[in-house]
There are 2 protein chains.
Amino acid sequence: MASPHQKQTMKDRILQTADRLFYLKGIRAIGVDTISAEIGISKRTLYNHFPSKDALIAAYLERRFVQPKPSDKSPVEQILGTFDALERRFGAKDFRGCPFVNAVAELGGEDKSVKKVAIAFKESRRLWFRDRLLELGVADPEGLATQLQLLVDGSIAQDLVRDDPAMARAAKQAARVLLENAGVKVSSPDGAKA
Amino acid sequence: MASPHQKQTMKDRILQTADRLFYLKGIRAIGVDTISAEIGISKRTLYNHFPSKDALIAAYLERRFVQPKPSDKSPVEQILGTFDALERRFGAKDFRGCPFVNAVAELGGEDKSVKKVAIAFKESRRLWFRDRLLELGVADPEGLATQLQLLVDGSIAQDLVRDDPAMARAAKQAARVLLENAGVKVSSPDGAKA
DNA sequence: TTTTAGTTACACAGACCTGTTTACCTTGGC
DNA sequence: GCCAAGGTAAACAGGTCTGTGTAACTAAAA
């Protein structure tokens, strides 16, 4: 059925464009007309691939739910590297906060499926921290993972408002303190490695 | 149903209702018809008091821009008390995140005036922390204030998604560590850490 | 009383939204 | 050649939104 040799299917093109517009401008702000016009296809074609805008929104969020790629670095480097990656993304012109938090803020508590996937995403990120903290053998990996995730989400919210990548550095500095306090040995706090 | 003692002006009633609906359901999700119908006034009356919905949105955000009331407690108690207050608000049914962050997420980077007031609000909160840290004589009050604000915004974002007041306790615990690391003497945790 | 300011009810304009319908292309496989 | 799949364009239905226009109604001040 599927055509594996095609570079990009129509569904992919629709999803990719919807992703960009939903994320940059807001889900409610973008209509299906805008998406189809941007791709240069008819609205009918879009509806042939997605039964409704809600289905497109769901696919958009699913597409955003990606796992961090495996790394062979040390757990501490991976944890602190998270904030370096954040700083890089904050500097990009097309960064506009966490798509899951934004979707919940925009669509409200009404839409339960959106909230569900947002919760799942946040929890998966917290577990990623926890797994690395387990490897480090800290006393309370669950609690510390939550605290690190707070720093991540806090810096994202702050950058969304202020457009200031330094928020990621502040978060990294706080993370270092929390790690050291938990008995983890952290390399010198110079920021050259960003 | 008009109140017996009507000390409240029409403008106040409009603002109050707009505030509740904008905050709970989202700014884009609420139309002026809904607001006027909820109050029981005509749409014309609403437009007699606010020239446009944008003006109403601006007034809504201005109204939300309140300063914390002065306290005679110690700086440390004030700082940590922030997170207790957060936990209380997280528990309330009508809490739905930070209205400024939500507005920026919803209205996008397009609306510059919204972003401007959001930046001003976040900065005022950061300065509130800084002033108390100055009183405590910590080495880097600016940086530490930013880090505490990250914990505040992180816990708000996490609670918006997860509806979990424990996020405020996790933030408080992290704040304690950051304060102690800065040489501030912090009393022992009142509640057992989860 | 007359005036005046504020309100109501309601229709309306013009725009945009989601989603459907109709009819007419293209194109590749047989 | 033939056919089916899937594309296009455009109108359309039915709804929402912001904002205006108009005529009638109150209530209090002058």
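Quick note on labels: first sequence line is chain A, next is B, and so on, each numbered from 1. Values in this document were obtained by computation on a predicted structure and should not be read as measured data.
- D19(A) has its side chain within reach of R63(A): a pair of non-hydrogen atoms, C-beta onward, lies under 4.5 Å apart.
- Contact check on E87(B) versus K172(B) returns no salt bridge, with no Lys/Arg side-chain nitrogen under 4.0 Å from an Asp/Glu carboxylate oxygen.
- Between T45(B) and dT8(C) there is a side-chain N or O to OP1 or OP2 distance below 4.0 Å.
- In this structure, N48(A) atom CG and dG19(C) atom P are separated by 14 Å, rounded to whole Å.
- Using modelled atom types and a 3.5 Å distance limit, the side chains of N48(A) and T45(A) yield no donor-acceptor pair.
- The separation between F22(B) atom CZ and dT18(D) atom C1' is 12 Å, rounded to whole Å.
- For the pair K53(A) NZ and dT16(D) C1', the computed distance is 13 Å after rounding to whole Å.
- At a non-hydrogen distance threshold of 4.0 Å, G40(B), I41(B), S42(B), R44(B) from residues 29-44 of chain B come into contact with DNA chain C.
- For S52(A) and dT18(C), the shortest distance from a side-chain N or O to OP1 or OP2 is not below 4.0 Å.
- Between the side chain of R132(A) and the backbone N or O of W128(A) there is at least one donor-acceptor pair closer than 3.5 Å.
- Atom pair I14(B):CD1 and dT8(C):C1' shows a separation of 14 Å (rounding to whole Å applied).
- With rounding to whole Å, D54(B) atom CG is found 7 Å from dG19(D) atom P.
- A donor-acceptor pair shorter than 3.5 Å can be found between the side chains of D111(A) and S113(A).
- The CG atom of L46(A) sits 11 Å away from the P atom of dT8(D) (whole-angstrom rounding).
- Residues Q149(B) and T146(B) have side chains that never bring a donor and an acceptor to within less than 3.5 angstrom of each other.
- Atom CZ of R13(A) is separated from atom C1' of dG7(D) by 11 Å (rounded to the nearest Å).
- Aromatic ring orientation, F121(B) versus F65(B): perpendicular (interplanar angle above 60°, classes split at 30° and 60°).
- Distance, R28(B) CZ to dT16(D) P: 18 Å, rounded to whole Å.
- For H49(B), a side-chain nitrogen or oxygen approaches OP1 or OP2 of dT7(C) to under 4.0 Å.
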